[in-house]
Amino acid sequence: MTTTDENNQASQDNKLPVKNVVANDVSASSEELIGWINSRRSMGNLDTPAPTRDQIESAIECAATAPDHKKLRPWRFIVTQGEARHELGNALVAAVKEKALKDGEELSEKTIKKTHTMPLRAPVIITVVTQMQEHKKVPPFEQMLSAGAAVQNLILALKAQGFSTVWRTGLLCNEPAVKAYFDVGPDDYVTAFVYTGTSPKDESKRKPIDIEPLVRFES
(Lines give C-alpha, C1' and ligand atoms only; values in the text may rest on other atoms or scores of the structure.)
Protein backbone atom coordinates (compact mmCIF):
# COMPACT_ATOMS: atom_id res chain seq x y z
CA MET A 1 0.00 0.00 0.00
CA THR A 2 1.37 3.42 -0.93
CA THR A 3 1.57 6.35 1.47
CA THR A 4 -1.31 8.01 -0.38
CA ASP A 5 -3.42 4.88 -0.06
CA GLU A 6 -2.64 4.69 3.65
CA ASN A 7 -3.61 8.34 4.12
CA ASN A 8 -6.84 7.80 2.21
CA GLN A 9 -7.64 4.78 4.36
CA ALA A 10 -6.90 6.74 7.54
CA SER A 11 -9.18 9.50 6.29
CA GLN A 12 -11.97 6.98 5.71
CA ASP A 13 -11.42 5.37 9.12
CA ASN A 14 -11.75 8.72 10.91
CA LYS A 15 -15.07 9.62 9.33
CA LEU A 16 -18.20 9.89 11.42
CA PRO A 17 -20.41 6.94 10.43
CA VAL A 18 -23.44 9.12 9.77
CA LYS A 19 -23.70 12.46 8.00
CA ASN A 20 -26.91 13.84 9.50
CA VAL A 21 -27.41 12.89 13.12
CA VAL A 22 -30.72 13.70 14.83
CA ALA A 23 -31.80 13.16 18.41
CA ASN A 24 -33.73 9.96 17.67
CA ASP A 25 -31.24 8.49 15.19
CA VAL A 26 -30.43 5.01 16.49
CA SER A 27 -27.39 4.64 14.18
CA ALA A 28 -25.35 6.95 16.41
CA SER A 29 -26.12 7.04 20.11
CA SER A 30 -25.63 10.18 22.16
CA GLU A 31 -22.79 8.43 24.00
CA GLU A 32 -21.03 7.67 20.70
CA LEU A 33 -21.46 11.22 19.48
CA ILE A 34 -20.19 12.72 22.72
CA GLY A 35 -17.25 10.31 22.70
CA TRP A 36 -16.47 11.29 19.12
CA ILE A 37 -16.48 15.02 20.00
CA ASN A 38 -14.26 14.32 23.02
CA SER A 39 -11.76 12.58 20.74
CA ARG A 40 -11.02 15.75 18.78
CA ARG A 41 -7.39 16.81 18.99
CA SER A 42 -5.41 19.57 17.33
CA MET A 43 -2.99 18.10 14.81
CA GLY A 44 -0.14 20.10 13.28
CA ASN A 45 1.96 19.60 10.13
CA LEU A 46 -0.82 18.27 7.93
CA ASP A 47 -0.51 16.78 4.47
CA THR A 48 -2.65 15.55 1.61
CA PRO A 49 -5.23 14.30 0.96
CA ALA A 50 -6.97 17.60 1.66
CA PRO A 51 -10.70 18.27 1.74
CA THR A 52 -12.25 18.95 -1.65
CA ARG A 53 -14.17 22.10 -2.44
CA ASP A 54 -17.47 20.28 -1.83
CA GLN A 55 -16.22 19.04 1.55
CA ILE A 56 -14.99 22.50 2.52
CA GLU A 57 -18.31 24.07 1.54
CA SER A 58 -20.15 21.40 3.53
CA ALA A 59 -18.03 22.24 6.58
CA ILE A 60 -18.67 25.96 6.13
CA GLU A 61 -22.41 25.30 5.95
CA CYS A 62 -22.07 23.69 9.39
CA ALA A 63 -20.01 26.64 10.60
CA ALA A 64 -22.81 28.97 9.55
CA THR A 65 -25.25 27.24 11.92
CA ALA A 66 -23.38 28.76 14.90
CA PRO A 67 -25.50 30.69 17.43
CA ASP A 68 -25.92 34.12 15.89
CA HIS A 69 -27.94 36.76 17.73
CA LYS A 70 -30.17 38.70 15.30
CA LYS A 71 -28.72 36.70 12.40
CA LEU A 72 -25.95 39.20 11.74
CA ARG A 73 -23.66 36.55 10.24
CA PRO A 74 -20.56 38.33 11.52
CA TRP A 75 -18.17 35.72 10.09
CA ARG A 76 -16.49 35.28 6.73
CA PHE A 77 -14.39 32.40 5.42
CA ILE A 78 -11.37 32.64 3.12
CA VAL A 79 -9.96 29.39 1.74
CA THR A 80 -6.23 29.45 0.93
CA GLN A 81 -4.55 26.58 -0.88
CA GLY A 82 -1.93 25.83 -3.51
CA GLU A 83 0.28 28.73 -4.57
CA ALA A 84 -1.88 31.20 -2.62
CA ARG A 85 -0.23 29.85 0.55
CA HIS A 86 3.03 31.50 -0.58
CA GLU A 87 1.20 34.80 -1.02
CA LEU A 88 -0.13 34.48 2.52
CA GLY A 89 3.44 33.77 3.62
CA ASN A 90 4.52 37.05 2.01
CA ALA A 91 1.82 38.89 3.97
CA LEU A 92 3.01 37.28 7.20
CA VAL A 93 6.60 38.30 6.47
CA ALA A 94 5.48 41.88 5.84
CA ALA A 95 3.61 41.77 9.14
CA VAL A 96 6.54 40.40 11.14
CA LYS A 97 8.84 43.04 9.65
CA GLU A 98 6.41 45.85 10.50
CA LYS A 99 5.97 44.49 14.03
CA ALA A 100 9.74 44.21 14.56
CA LEU A 101 10.23 47.80 13.36
CA LYS A 102 7.49 49.01 15.69
CA ASP A 103 8.96 47.10 18.64
CA GLY A 104 12.53 48.13 17.86
CA GLU A 105 13.67 44.55 17.29
CA GLU A 106 15.92 42.98 14.69
CA LEU A 107 14.78 39.99 12.66
CA SER A 108 17.00 37.07 11.79
CA GLU A 109 16.85 35.43 8.36
CA LYS A 110 15.79 32.25 10.15
CA THR A 111 12.72 34.00 11.60
CA ILE A 112 11.81 35.49 8.23
CA LYS A 113 12.11 32.12 6.48
CA LYS A 114 10.12 30.35 9.19
CA THR A 115 7.38 32.98 8.99
CA HIS A 116 7.17 32.67 5.20
CA THR A 117 6.75 28.89 5.36
CA MET A 118 4.10 28.89 8.11
CA PRO A 119 1.19 28.49 5.65
CA LEU A 120 2.88 25.44 4.13
CA ARG A 121 2.17 23.37 7.23
CA ALA A 122 -1.15 22.24 5.72
CA PRO A 123 -2.54 21.91 2.19
CA VAL A 124 -5.57 24.06 3.03
CA ILE A 125 -6.04 27.00 5.40
CA ILE A 126 -9.51 28.32 6.14
CA THR A 127 -9.28 31.80 7.62
CA VAL A 128 -12.25 32.87 9.71
CA VAL A 129 -12.83 36.61 9.93
CA THR A 130 -15.13 38.37 12.38
CA GLN A 131 -16.83 41.23 10.59
CA MET A 132 -18.14 43.42 13.40
CA GLN A 133 -21.49 45.11 12.88
CA GLU A 134 -23.24 47.88 14.75
CA HIS A 135 -26.37 46.62 16.48
CA LYS A 136 -27.91 47.96 19.68
CA LYS A 137 -28.88 44.47 20.86
CA VAL A 138 -25.75 42.59 19.81
CA PRO A 139 -22.56 43.82 21.48
CA PRO A 140 -19.17 43.09 19.89
CA PHE A 141 -18.33 40.31 22.36
CA GLU A 142 -21.39 38.33 21.22
CA GLN A 143 -20.28 38.59 17.62
CA MET A 144 -16.79 37.40 18.52
CA LEU A 145 -18.24 34.47 20.48
CA SER A 146 -20.43 33.61 17.48
CA ALA A 147 -17.32 33.51 15.31
CA GLY A 148 -15.65 31.20 17.82
CA ALA A 149 -18.65 28.89 17.72
CA ALA A 150 -18.48 28.93 13.92
CA VAL A 151 -14.82 27.88 14.08
CA GLN A 152 -15.65 24.97 16.39
CA ASN A 153 -18.45 23.82 14.08
CA LEU A 154 -16.06 24.08 11.13
CA ILE A 155 -13.44 21.97 12.88
CA LEU A 156 -15.93 19.29 13.90
CA ALA A 157 -17.44 19.18 10.41
CA LEU A 158 -14.00 18.66 8.91
CA LYS A 159 -13.30 15.92 11.45
CA ALA A 160 -16.62 14.27 10.54
CA GLN A 161 -15.36 14.05 6.97
CA GLY A 162 -12.12 12.41 8.03
CA PHE A 163 -9.73 15.39 8.19
CA SER A 164 -7.50 16.71 10.94
CA THR A 165 -7.26 20.36 11.92
CA VAL A 166 -5.44 22.82 14.10
CA TRP A 167 -6.74 26.27 15.04
CA ARG A 168 -3.90 28.78 14.80
CA THR A 169 -3.81 32.52 15.37
CA GLY A 170 -0.56 33.95 16.77
CA LEU A 171 0.81 37.45 17.23
CA LEU A 172 0.67 38.34 13.54
CA CYS A 173 -2.91 37.49 12.62
CA ASN A 174 -4.25 41.00 13.27
CA GLU A 175 -1.25 43.00 12.18
CA PRO A 176 -2.12 45.60 9.48
CA ALA A 177 -0.36 43.70 6.67
CA VAL A 178 -2.35 40.54 7.37
CA LYS A 179 -5.62 42.42 7.73
CA ALA A 180 -4.93 44.17 4.43
CA TYR A 181 -4.22 40.83 2.73
CA PHE A 182 -7.64 39.52 3.78
CA ASP A 183 -9.37 42.88 3.25
CA VAL A 184 -10.28 43.05 6.93
CA GLY A 185 -11.38 46.39 8.36
CA PRO A 186 -9.52 48.07 11.23
CA ASP A 187 -12.35 47.25 13.67
CA ASP A 188 -12.69 43.64 12.47
CA TYR A 189 -10.63 40.58 13.38
CA VAL A 190 -8.87 37.60 11.90
CA THR A 191 -10.27 35.11 14.38
CA ALA A 192 -8.73 31.85 13.22
CA PHE A 193 -6.45 30.16 10.76
CA VAL A 194 -7.91 26.66 10.54
CA TYR A 195 -5.21 24.46 9.04
CA THR A 196 -6.70 21.25 7.63
CA GLY A 197 -5.58 18.14 5.82
CA THR A 198 -4.53 14.62 6.76
CA SER A 199 -2.23 13.95 9.68
CA PRO A 200 0.50 11.32 9.29
CA LYS A 201 0.04 10.58 12.99
CA ASP A 202 -2.90 9.10 14.87
CA GLU A 203 -4.76 11.36 17.27
CA SER A 204 -3.58 10.68 20.79
CA LYS A 205 -6.21 9.86 23.38
CA ARG A 206 -7.26 12.75 25.57
CA LYS A 207 -6.77 12.39 29.30
CA PRO A 208 -10.01 12.53 31.33
CA ILE A 209 -10.94 16.12 32.17
CA ASP A 210 -11.93 16.94 35.74
CA ILE A 211 -14.84 19.33 35.28
CA GLU A 212 -15.63 19.67 39.00
CA PRO A 213 -13.65 22.93 39.49
CA LEU A 214 -15.20 24.32 36.29
CA VAL A 215 -18.89 23.86 37.08
CA ARG A 216 -21.38 25.10 39.64
CA PHE A 217 -24.93 23.73 39.80
CA GLU A 218 -27.69 25.82 41.33
CA SER A 219 -31.27 24.80 42.07
Side-chain angles (χ1 to χ4, degrees), residues 3 7 40-51 53 56 59-60 63 74-133 140-141 143-156 158-159 163-204 206:
T3 302
N7 285 340
R40 187 211 64 79
R41 301 303 301 266
S42 295
M43 304 295 288
N45 297 317
L46 303 171
D47 206 340
T48 54
R53 178 166 180 157
I56 292 170
I60 290 174
W75 6 258
R76 296 292 182 271
F77 306 88
I78 302 101
V79 181
T80 303
Q81 52 193 333
E83 290 301 311
R85 294 175 301 160
H86 294 282
E87 296 173 14
L88 175 55
N90 291 337
L92 291 172
V93 168
V96 77
K97 287 181 176 179
E98 289 176 359
K99 187 174 186 304
L101 183 62
K102 180 175 60 179
D103 295 342
E105 299 175 350
E106 290 188 10
L107 286 177
S108 67
E109 286 299 321
K110 181 178 179 181
T111 297
I112 293 173
K113 184 177 180 180
K114 180 180 178 181
T115 302
H116 188 262
T117 57
M118 281 179 178
L120 303 182
R121 292 177 290 182
V124 175
I125 302 169
I126 305 173
T127 301
V128 183
V129 171
T130 307
Q131 188 171 320
M132 294 297 187
Q133 300 172 48
F141 84 90
Q143 298 179 48
M144 183 64 78
L145 289 172
S146 179
V151 173
Q152 179 71 351
N153 280 4
L154 178 71
I155 286 171
L156 291 176
L158 289 166
K159 176 178 170 64
F163 299 101
S164 295
T165 58
V166 59
W167 177 348
R168 300 185 187 274
T169 46
L171 298 176
L172 300 178
C173 66
N174 283 290
E175 286 294 310
V178 177
K179 282 190 170 186
Y181 177 79
F182 288 113
D183 195 23
V184 174
D187 296 325
D188 302 329
Y189 296 91
V190 175
T191 306
F193 295 131
V194 177
Y195 285 57
T196 185
T198 299
S199 175
K201 300 179 181 179
D202 293 332
E203 292 183 347
S204 59
R206 188 185 299 278

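Only a predicted model underlies this, so the values are computations on that prediction, with no experimental measurement involved.
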- [ ] Over all heavy atoms of both residues, which pair between L156 and R40 is shortest? Give the atoms and the distance, please.
- [x] CD2-CD, 4.1 Å
Task: R41 (side chain) donor-acceptor with S204 (main chain) under 3.5 angstrom - done: yes
TODO: Starting at CD of Q131, measure out to CZ of R76 and round the result to the nearest 0.5 Å.
DONE: 4.5 Å
- [ ] Would you sort out whether T198 and T48 count as a side chain to side chain contact (heavy atoms under 4.5 Å, CB included), showing the intermediate values?
- [x] CA-CA 6 Å; T198 299; T48 54; over 6 Å; no
Open item on the list: For a side chain to side chain contact (heavy atoms under 4.5 Å, CB included) check, start with the C-alpha distance between V178 and N174, then their side-chain angles and the critical distance, and finish with the verdict.
Closed with: CA-CA 6 Å; V178 177; N174 283 290; over 6 Å; no
TODO: Starting at CG of L120, measure out to OH of Y195 and round the result to the nearest 0.5 Å.
DONE: 8.5 Å
Open item on the list: Just checking R53: does its CZ atom have more than 12 heavy atoms from other residues, nucleotides or ligands closer to it than 6.0 angstrom?
Closed with: no
TODO: With rounding to the nearest 0.5 Å, note down the distance linking OG1 in T115 to CG in N90.
DONE: 11.5 Å
TODO: Hey, could you give me the CD1/CG distance between I56 and L158, rounded to the nearest 0.5 Å?
DONE: 7.5 Å
- [ ] Count the heavy atoms belonging to other residues, nucleotides or ligands that lie under 6.0 Å from CG of D103, then report whether that count exceeds 12.
- [x] yes
- [ ] Quick one: closest heavy-atom pair of T169 and T191, and the distance?
- [x] CG2-O, 3.1 Å
Open item on the list: Just verifying a value: how many Å separate F182 CZ and D188 CG, rounded to the nearest 0.5 Å?
Closed with: 13.5 Å
- [ ] Please assess R121 against N45 for the test side chain to side chain contact (heavy atoms under 4.5 Å, CB included), listing each intermediate value before the final yes or no.
- [x] CA-CA 5 Å; R121 292 177 290 182; N45 297 317; 3.8 Å; yes
- [ ] Give a yes or no on this: more than 12 heavy atoms of other residues, nucleotides or ligands lie within 6.0 Å of atom OH of Y181.
- [x] yes
Task: Approximate separation, where rounding is to 0.5 Å, of T165 OG1 and K159 NZ - done: 8.5 Å
TODO: Using a cut-off of 6.0 Å, state whether more than 12 heavy atoms not belonging to E105 lie near its atom CD.
DONE: yes
